[in-house]
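Remarks on the structure that follows.
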2 protein chains.
Amino acid sequence: MNEIAPLRRVTIIDIAKAAGVSPSTVSLVLQKNERISAETRNRVEEAIRKLGYKYNRSAANLRRQTSQAIGLIINDICNPFFAEMTAGVQKGLEGTEFLVFLVETGDEIERQSRVYQSLEEHGIGGLIIFPASQTKPEFLERIAAGGTPICVAIRRPPDADVDYVGPDNRLAGRIATRHLIELGHRRIAFLGGEAKSPSRIDRVAGYQEALQRAGNAFDPALCVESRPTRANAISDLNKVLDLPEPPTAAIGYNDNVAIALMHGLRRRGLEPGRQFAIVGIDGTSEAELAYPALTTVALHAHETGRRAAELVLERIKAPGKTHENVILRPNLIVRASCGTR
Amino acid sequence: MNEIAPLRRVTIIDIAKAAGVSPSTVSLVLQKNERISAETRNRVEEAIRKLGYKYNRSAANLRRQTSQAIGLIINDICNPFFAEMTAGVQKGLEGTEFLVFLVETGDEIERQSRVYQSLEEHGIGGLIIFPASQTKPEFLERIAAGGTPICVAIRRPPDADVDYVGPDNRLAGRIATRHLIELGHRRIAFLGGEAKSPSRIDRVAGYQEALQRAGNAFDPALCVESRPTRANAISDLNKVLDLPEPPTAAIGYNDNVAIALMHGLRRRGLEPGRQFAIVGIDGTSEAELAYPALTTVALHAHETGRRAAELVLERIKAPGKTHENVILRPNLIVRASCGTR
DNA sequence: CTGAAAGCGCTTACAG
DNA sequence: CTGAAAGCGCTTACAG
């Protein structure tokens, strides 16, 4: 091994000299081009090893007018759902030369445009984005029109014509509700989530649908909206518990809300899973660690990330292809928070 | 707004022409150089706006022989500790033009060298790394010697002379143990973590130290090692519970283990927080959602990431400065898993 | 205060 | 099968 720290970076020109060929030939070898004879290739590879050559992908990208970085814009990496989605993106990129630039928006639209701007300056070959809640469809369409392969995840842009992958929120609401109905519950609350949030709108629609199919009346008093924080979840729960005819079960807008609901129940002397049933929506691993282990509707965060990565990769290869809409089918994970039969 | 999608990318040459100046002048304006007169600057900025110019940072980086990307190598983004650390890194980079390339190793050393290689090819201005468990100090030192500003996080490299930021594991073990002793416990178990893991070695050392200071004998039977999975935690717990003289409290190697221990207790008919005390080590937000809410020793994941980012930034500015060693002081967060007084 | 020119490390038609 | 030359979009001494 050559242990001398190189003063100047080793380039393909150095390799060319050492191997007695031209830089073009070295470049061709690097690209595993078939035209190069085995003998020449060996000489070049030998020189690469001897000089400790390191490929400069960003120089190549500049020349080629591409980038092998994928921008990933999410709300908050500490949210287990996005952490899993991020892991899925990495998985989907495995085996390629792409690397991900991770940025967070904190669900702030100004910050979102700042980080997007920064991604563009650094150069990205594609973008996967969970749009901040106030995002206008034009923002996304302008990105696509600018030539950046883009895939939107989870949060459906009102009308934007772009690749998309996300869950069937309505079905998720229906599945959660149906499960509780089958368990014999008649008064079922839907707690948390902001009224204007499209995913909540869909989940609630599914909830109402399942109620209706079971011949169960929808009671608006049982459906309370709030920013999905722990504290809000607990106060939402107290509201419905104080009703003249309180519910016997509740669906949390997401797993986090559902877990908070279980804490809230105990403060009221109610044992979750025994005296009151709870189901969440998300299916992240934190649901499994809760006590009692949370019954939840899995939205497949990891799979979402993986598919999103595949979609951008495809669009990078074929920029003109028609837009795809991947809707992932949620499924129920029965654990202990609705009681054990 | 100019809505025509540019066929060719707008460059500083286009701006120069439009503003009637030279490319050098445009570059100087972009860099907010003082030498440029206000009038010229205005003309250039006007042209930038009109033509929709987008700065190509990677071309600039090529010319300058730098990169404004920071590589972040962690084990697993789904582990809340690393998610928080990642958020901390982003925080520490805020206000700079740096972006992070996130990669995971899955704690596999071969994968670690592959992703490192890929980071180098893409070009990084600095590296923050949580080294995979089998990492040799030479690996880290070679990176530093190669000129890449590096900061190691959390897992202390045996002897490597590099910047480092991580927790005081020994103190964390002492704090957890002392808390239980003060609560009146005499038989305290330390459960989970692999025997060869340096952080476990330190935490156990702190545990023994606190025991000794309290005049409490260390019983090896109460200290069981295992890979920190939920299943192992539960079987470790059963082992100590089956002892002739079982413990009345346990420290989990980390929060995840501690939460699993609470599940294990209930399977044995023991109510955590009432009949048995549990304390964790980590202090991630999942500890708060557990039931009962987990008493834990906070290791400051977010702060770790933030400081690591600052250290690389400093080293990028001053490559020759002496190495820093930042040891974060853990602190106890009392919640409900050891009972309420 | 501003411009001409070289160069960062690659790739890629185009010749031969 | 291999090489000479131009160029990707910037920056930076060096002149003036």
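Treat the numbers as computed from the prediction; the structure is a model and nothing was measured. In what follows, every chain begins at residue 1, and chains take the letters A, B, ... in the order their sequences are listed.
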When rounded to whole Å, the CG to P distance for the pair B:D14 and D:dC8 reads 11 Å
With sugar-phosphate taken as primed atoms, P, OP1 and OP2 and all else as base, the protein-contact string of nucleotides 10-16 of chain D at under 4.0 Å (heavy atoms; B, S, -) is BBB----
Side-chain heavy-atom pair A:L328, A:L299 within 4.5 angstrom cut-off | no
So, do A:I129 and A:Q112 sit near enough that their side-chain heavy atoms are less than 4.5 Å apart?
-> yes
Do other residues, nucleotides or ligands put more than 12 heavy atoms under 6.0 Å from the NZ atom of A:K136?
-> no
Taking the inter-plane angle between the rings of B:Y116 and B:F139 on a 0 to 90° scale, is it parallel (under 30°), tilted (30 to 60°) or perpendicular (over 60°)?
-> perpendicular
Is there a Watson-Crick or G-U wobble partner for D:dA13 with both distances under 3.5 Å, and which nucleotide is it?
-> none
With the threshold set at 4.0 Å, does a side-chain nitrogen-carboxylate oxygen contact exist between B:R306 and B:E303?
-> yes
Euclidean distance, atom CZ of residue B:R41 to atom P of C:dT2 [Å, nearest integer] | 10 Å
Rounded to the Å, how far apart are B:L51 CG and D:dG9 C1'?
-> 15 Å
Hunt down the Watson-Crick or G-U wobble partner of C:dA4, both distances under 3.5 Å, from any strand shown, or write none.
-> none
Taking only side-chain nitrogens and oxygens of A:S37, does any of them come within less than 4.0 Å of OP1 or OP2 of D:dT2?
-> yes
With a 4.5 Å limit on heavy-atom distance, are the side chains of B:E121 and A:L99 in contact?
-> no
Distance in angstrom units between B:N33 CG and C:dC1 P, rounded | 10 Å
Would you indicate what B:S58 reaches in the nucleic acid, counting non-hydrogen atoms under 4.0 angstrom: base, sugar-phosphate, or nothing?
-> nothing
Return no unless some side-chain N or O of B:Q65 is found under 4.0 Å from OP1 or OP2 of C:dG9.
-> yes
Whole Å only: how far is the NZ atom of B:K17 from the P atom of C:dA4?
-> 12 Å
Between atom CZ of B:F101 and atom CD1 of B:I128, what is the distance when rounded to the nearest 0.5 Å?
-> 14.0 Å
Taking the nucleotide of DNA chain C with the closest heavy atom to each, which residue, A:L62 or B:G20, is nearer the 5' end?
-> B:G20
